[in-house]
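Just so you know, residue 1 is the first one in the sequence shown, and it goes up from there. Bear in mind the structure is a predicted one, so any value in this text is a computation, not a measurement.
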Amino acid sequence: MFSETPAVTVVRRLGDSPRARGSHTNETCPDLFELSDGNFAVIGTEATADLDPHLPADAARADYERIVVIDRDTLIRAKKDIPDE
């Protein structure tokens, strides 16, 4: 998907860094980023196989898409940085 979009870069982190959230080992580092094309990127735990069968009937996932999980604290701390529009 992103190979079709040349020169997309990370513009900024949303929320606090993993270190500010208490990760001092770099082993648990969920993160959210705003990209230069206006999209968002998420670093999380891959959970497609576990969660795909439980998606609501009106949800769909393309073959190239993955379900990732981030912890609640990461998303709550990013809320202040997520644009309203």
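- Follow the hydrophobic side-chain contacts under 4.5 Å out from Ile82 and you reach Val68 in the same cluster.
- In the displayed structure, Arg72 atom CZ is contacted under 6.0 Å by at most 12 heavy atoms of other residues, nucleotides or ligands.
- Here the closest non-hydrogen pair linking Gly15 and Asp81 is N-OD2, 2.6 Å.
- Between Thr45 and Pro30, the closest side-chain pair of non-hydrogen atoms is not below 4.5 Å.
- By the rule that hydrophobic residues join a cluster once side-chain heavy atoms approach within less than 4.5 Å of another member, Leu51 and Val42 end up as members of separate clusters.
- Around the NZ atom of Lys79, the shell of radius 6.0 Å holds no more than 12 heavy atoms that belong to other residues, nucleotides or ligands.
- To the nearest 0.5 angstrom, Cys29 atom SG is 7.5 Å from Arg21 atom CZ.
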- Message: I'd like to know whether Leu35 forms a side chain to side chain contact (heavy atoms under 4.5 Å, CB included) with Val11, so could you lay out the CA-CA distance, the side-chain angles of the two residues, the decisive distance to 0.1 Å, and finally the verdict.
- Response: CA-CA 5 Å; Leu35 303 177; Val11 173; 5.6 Å; no
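- Using a 4.5 Å cut-off on side-chain heavy atoms (C-beta onward), Thr74 and Leu32 make contact.
- In this structure, Asp16 pairs ionically with Arg77, as a charged nitrogen and a carboxylate oxygen lie closer than 4.0 Å.
- Taking CD1 from Ile70 and CG from Leu75, the interatomic distance works out to 4.5 Å, rounded to the nearest 0.5 Å.
- Between Phe40 and Leu14 the shortest side-chain heavy-atom distance falls below 4.5 Å.
- For the salt bridge (charged side-chain N to carboxylate O under 4.0 Å, His left out) condition, the pairs that include at least one residue of residues 49-61, sequence neighbours left out, are Asp52-Arg61.
- Note that CD of Glu34 and CZ of Arg12 are 4.5 Å apart. Values are rounded to the nearest 0.5 Å.
- Linking Ile, Leu, Val, Met, Phe, Trp and Tyr residues whenever their side-chain heavy atoms come within less than 4.5 Å places Ile43 and Val8 in a single cluster.
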